[in-house]
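Structure, as structure tokens:
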Amino acid sequence: MPELPEVEVIRRRLGETVLERTIASIRVTESNYTFLTSPRELRKHLVGQCFTRINRRGKYLLFELEGQGCLVIHLGMTGQLFSSRALSPRLVQRSARTKGKPTDRFEPDKHTHLTIVFADAGDHLYFRDSRKFGKILWLGAKERSPRLERLGPDAVGITALQLTEALAGRRAAIKPLLLDQSILAGVGNIYADESLYAAAIAPTRPGQDLGPQEITALARAIRHVLKRAIALGGSSIDDYLHPDGSDGSFQKQFAAYGREGQTCRRCGGRIQRIVMAQRSAHYCPSCQR
DNA sequence: ATCGTTGCCTGAGGGC
DNA sequence: TGCCCTCAGGCAACGA
């Protein structure tokens with residue numbers, strides 16, 4: 001599930017595929033996919049234009065057209081963005097499965113909702129999203145999107161002061177608070193668990209009960225965990241892959257997430273999984289306080 | 001204002 | 001082998 005590090009890695013690596021190339025056409029699959037901006041409208045804005053820059057806000061990617069606005073993409077749970085040159089056995093297997101026939105390379109399938117074709121006849125860009133939680137919309141230069149306006153400060157640069165202000169008066173547990181994109185933008189379930197582990201704070205602690213030292217430690221842990229994950233290319237579990245089809249490797253470094261029943265690397269205790277706000281939280285009850 | 005819950009969606013994996 | 005069930009979770013919308 002793409003969170004800030006995965007989205008950032010895609011942002012950095014997608015440049016060579018999409019920047020400064022004239023868009024020839026936009027293809028939509030059999031799609032009953034819900035485009036927040038209709039494909040017709042997207043075509044109107046994009047065809048004949050070039051993306052000049054890719055920005056990121058939390059988990060949102062913003063593909064800018066100089067001065068005109070941007071194509072906004074949120075990957076949701078299973079969204080993927082990759083080049084038609086991507087060679088990935090996993091990807092090929094999946095498209096073969098959904099197409100019901102064996103193929104030796106990726107072919108757009110029923111989950112491939114959008115294809116951006118460039119005029120230079122090089123590779124094109126696919127957006128694929130089996131669970132359809134992803135979002136695609138056009139945002140004009142002077143338009144504002146409530147989705148983006150709502151976002152809190154970007155998690156990778158979160159300061160102790162920002163976190164202190166955000167947590168003041170919050171009775172809810174710290175774990176669901178970290179997942180709230182209006183508090184800080186970019187953290188999802190994996191990195192919330194990993195950050196709380198790194199800061200040795202239990203996910204069940206009410207936000208307002210964290211002391212200054214704990215908040216400082218937590219802010220530092222969030223920044224550190226996210227940067228380290230970016231450096232390792234993100235976490236490839238389930239659907240996430242790089243635009244070229246390769247995998248990230250941060251999943252090999254998980255200390256808490258997905259390690260239920262395994263030994264805590266810090267204190268030798270046992271990692272536990274509990275459910276909070278309908279989501280799993282993994283932590284070590286003996287050293288996360 | 002804040003908090004917790006629900007629904008959206010489909011593939012994977014377990015049990016039988 | 002195949003069927004049914006449950007689970008995964010980002011986010012908006014909802015009710016309390």
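Note: hydrogens, waters and symmetry copies are ignored here, and every other heavy atom, side chains too, is used. This one's a predicted model, so the numbers in the text were calculated from it and none came from an experiment. Below, chain A is the first sequence line, B the second, and so on; all start at residue 1.
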*Which listed nucleotide (B:dC3, B:dT10, C:dG10) is nearest to the side chain of A:Leu179?*
C:dG10
Atom pairs, protein N/O to nucleotides 4-8 of chain C N/O, distance under 3.5 Å:
{"unit_1": "C:dA8", "atom_1": "OP1", "unit_2": "A:Arg273", "atom_2": "NH1", "d": "2.6"}
{"unit_1": "C:dA8", "atom_1": "OP1", "unit_2": "A:Arg273", "atom_2": "NH2", "d": "3.4"}
{"unit_1": "C:dA8", "atom_1": "N3", "unit_2": "A:Arg131", "atom_2": "NH1", "d": "3.0"}
{"unit_1": "C:dA8", "atom_1": "N3", "unit_2": "A:Arg131", "atom_2": "NH2", "d": "3.0"}

*Given that both distances must come in under 3.5 Å, which nucleotide forms a Watson-Crick or G-U wobble pair with C:dT1?*
none
*How close or far is atom P of C:dG10 from atom CG of A:Leu184, stated in whole angstroms?*
13 Å
*Spacing between A:Leu4 atom CG and C:dG10 atom C1', to the nearest angstrom*: 14 Å
*asked:* Counting only heavy atoms not in A:Glu149 (residues, nucleotides, ligands), do more than 12 fall under 6.0 Å from its CD?
replied: yes
*Value in whole Å for how far the P atom of B:dT5 lies from CG of A:Asp180*: 15 Å
_Rounded distance (Å) that lies between atom C1' of C:dA12 and atom CG of A:Leu148_ = 14 Å
*asked:* Is it true that A:Asp129 and A:Thr78 share a donor-acceptor pair across their side chains at a distance under 3.5 Å?
replied: yes
_For atom OH of A:Tyr60 and atom C1' of C:dG10, their distance in whole Å_ = 9 Å
*Nearest-Å distance for atom pair CG/C1', residues A:Asp129 and B:dT10*: 10 Å
*Measure the acute angle between the ring planes of A:Phe127 and A:His113, then classify it against the limits of 30° and 60° as parallel, tilted or perpendicular.*
tilted
_Heavy-atom donor-acceptor pair, A:Lys175 side chain to A:Ser280 backbone, under 3.5 Å_ = yes
_Rounded interatomic separation in angstrom, taking CG from A:Leu75 and C1' from B:dC9_ = 16 Å
*For the residue pair A:Gln68 and A:Gln49, confirm or rule out a side-chain donor-acceptor distance under 3.5 Å.*
yes
*Select base, sugar-phosphate, or nothing to describe what A:Lys59 touches, counting heavy atoms under 4.0 Å on all strands.*
sugar-phosphate
_Side-chain N or O of A:Lys135 closer than 4.0 Å to phosphate OP1/OP2 of C:dG10_ = no
*If you check every side-chain atom of A:Arg171, which of B:dT2, B:dT10, C:dG10 has the closest atom?*
B:dT2
*asked:* Tell me the interatomic distance from A:Lys175, atom NZ, to C:dG10, atom C1', rounded to whole angstroms.
replied: 13 Å
*Do A:Tyr257 and A:Tyr197 have their ring centres less than 6.0 Å from each other?*
no
*Closest-nucleotide 5' rank along DNA chain B - winner of A:Arg279 and A:Ala168*: A:Ala168
*Compare the minimum distances between each of B:dG11, B:dC8, C:dC11 and the side chain of A:Phe133, then state the nucleotide with the smallest one.*
B:dC8
*A:His111 vs B:dC9: side-chain N/O to OP1/OP2 distance below 4.0 Å*: no
_Ring centers of A:Tyr191, A:Phe250 separated by less than 6.0 Å_ = yes
